[in-house]
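Below is one structure, written out as structure tokens; the observations come after it.
Quick note: residue numbers are just sequence positions, from 1. Quantities reported herein were computed from a predicted structural model and do not represent experimental measurements.
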Amino acid sequence: MRGDDIEADLRSIHRIDLRDLWRPGGGDSQLTLRLLWVLIRRLPRTSALAISDNGGHLPWSIEDHLLADLWALQANRGRKKGTPWKDYPNRPKPAAKQAAQIDDARINRAEKRFADRRRRLEEGT
């Protein structure tokens with residue numbers, strides 16, 4: 001479905017026909033792969049591709065995060081030491097944390113495969 005989202009965004013935001021990519025000289029828009037890449041990378045958060053990549057939800061803006069920070073400050077006013085910090089309930093997890101968790105899982109699987117391989121080699125000798 002990403003191709004559909006890209007085509008819709010190019011049409012609605014940039015007024016470019018994706019089919020120009022296959023037309024001689026890039027068609028009316030002179031669309032090239034490089035230009036296509038630049039346009040896709042700079043799509044706004046309200047684009048169909050951004051919403052699709054965010055599980056069908058509009059990605060949070062800086063303003064949304066700042067408002068959630070203000071909410072959290074008010075919710076934690078008068079908090080006693082040792083009590084957990086209350087964060088805004090629907091705040092999305094940072095992408096870096098999600099990527100780190102995925103990388104950790106990959107590293108753990110690779111380490112397990114390496115340990116299994118080493119064990120099999122030691123058993124064979």
Side-chain angles (χ1 to χ4, degrees):
M1 288 300 159
R2 295 173 65 88
D4 294 345
D5 295 331
I6 291 170
E7 186 171 2
D9 288 337
L10 286 176
R11 177 72 65 145
S12 65
I13 295 169
H14 298 293
R15 307 283 186 249
I16 291 177
D17 188 355
L18 184 60
R19 295 175 296 181
D20 282 350
L21 193 58
W22 291 275
R23 292 186 176 127
D28 293 337
S29 64
Q30 298 179 340
L31 187 62
T32 62
L33 283 174
R34 183 188 178 285
L35 178 58
L36 178 63
W37 174 249
V38 169
L39 294 174
I40 290 171
R41 293 211 18 155
R42 300 295 179 243
L43 286 172
R45 72 183 190 92
T46 56
S47 70
L49 185 63
I51 292 170
S52 173
D53 281 349
N54 197 40
H57 302 287
L58 186 68
W60 276 33
S61 67
I62 292 172
E63 293 83 5
D64 294 332
H65 283 284
L66 290 173
L67 286 171
D69 289 344
L70 289 174
W71 182 95
L73 286 173
Q74 288 297 326
N76 290 293
R77 182 186 290 185
R79 176 177 69 96
K80 295 186 177 163
K81 270 190 172 180
T83 58
W85 177 267
K86 292 180 199 168
D87 197 6
Y88 187 78
N90 298 329
R91 185 190 299 260
K93 289 183 180 178
K97 261 190 183 176
Q98 291 172 347
Q101 290 171 349
I102 291 169
D103 287 344
D104 287 346
R106 286 181 183 162
I107 289 169
N108 290 339
R109 285 194 307 268
E111 286 175 346
K112 185 176 182 228
R113 284 193 310 266
F114 182 71
D116 289 345
R117 212 175 296 132
R118 186 180 329 132
R119 183 182 42 77
R120 277 185 263 131
L121 282 172
E122 289 172 356
E123 288 174 356
T125 56

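Put simply, the side chain of Asp17 reaches to within 4.5 Å of the side chain of Arg11, judged on heavy atoms. In this structure, Arg2 and Asp53 have side chains that are in contact, with non-hydrogen atoms separated by less than 4.5 Å. Two residues are said to be in side-chain contact when any heavy atoms from C-beta on lie closer than 4.5 Å; Arg45 and Asp64 meet this criterion. Side-chain contact between Asn108 and Glu111: present, with at least one pair of heavy atoms (C-beta onward) separated by less than 4.5 Å.
No path of Ile, Leu, Val, Met, Phe, Trp and Tyr side chains, each step under 4.5 Å between heavy atoms, connects Ile51 with Ile40, placing them in separate hydrophobic clusters. A continuous path of Ile, Leu, Val, Met, Phe, Trp and Tyr side chains, each step under 4.5 Å between heavy atoms, connects Ile6 with Trp22, placing both in one hydrophobic cluster.
With respect to the salt-bridge test (charged N to carboxylate O, under 4.0 angstrom), the residues Arg91 and Asp69 qualify. Between Glu123 and Arg119 a salt bridge is recorded (basic side-chain N to carboxylate O distance below 4.0 Å).
In this structure, CH2 in Trp85 is found 5.0 Å from CG in Leu73, a value given to the nearest 0.5 Å.
The main-chain N or O of Arg113 is never found under 3.5 Å from a side-chain atom of Asp116 such that the two would form a donor-acceptor pair. At distances below 3.5 Å, at least one donor-acceptor pair connects side-chain atoms of Ser12 with backbone N or O atoms of Ala8. The main-chain N or O of Leu49 is found under 3.5 Å from a side-chain atom of Asp9 such that the two form a donor-acceptor pair.
Taking a 6.0 Å sphere around CH2 of Trp37, one finds it holds 12 or fewer heavy atoms contributed by other residues, nucleotides or ligands. Atom CD1 of Ile62 is surrounded by 12 or fewer heavy atoms from other residues, nucleotides or ligands within 6.0 Å.
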Contacts under 3.5 angstrom, residues 25-36 side chains, donor-acceptor by atom type, not counting sequence neighbours:
from, atom 1, to, atom 2, distance (Å)
Ser29, OG, Asp20, OD2, 2.7
Thr32, OG1, Leu35, N, 3.1

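Shortest non-hydrogen contact noted between Trp71 and Asp87 is CZ3-O, 3.4 Å. Among all heavy-atom pairs drawn from Lys86 and Ala75, the shortest one is NZ-O, 4.1 Å. Summarising the geometry of Ala50 relative to Pro59, their closest heavy-atom pair is O-CG, 3.8 Å, with the distance given to 0.1 Å. Residues Trp60 and Ala68 share a closest heavy-atom pair of CZ3-CB, 3.7 Å. Between Asn54 and His57, the shortest heavy-atom contact is ND2-O, 3.0 Å.
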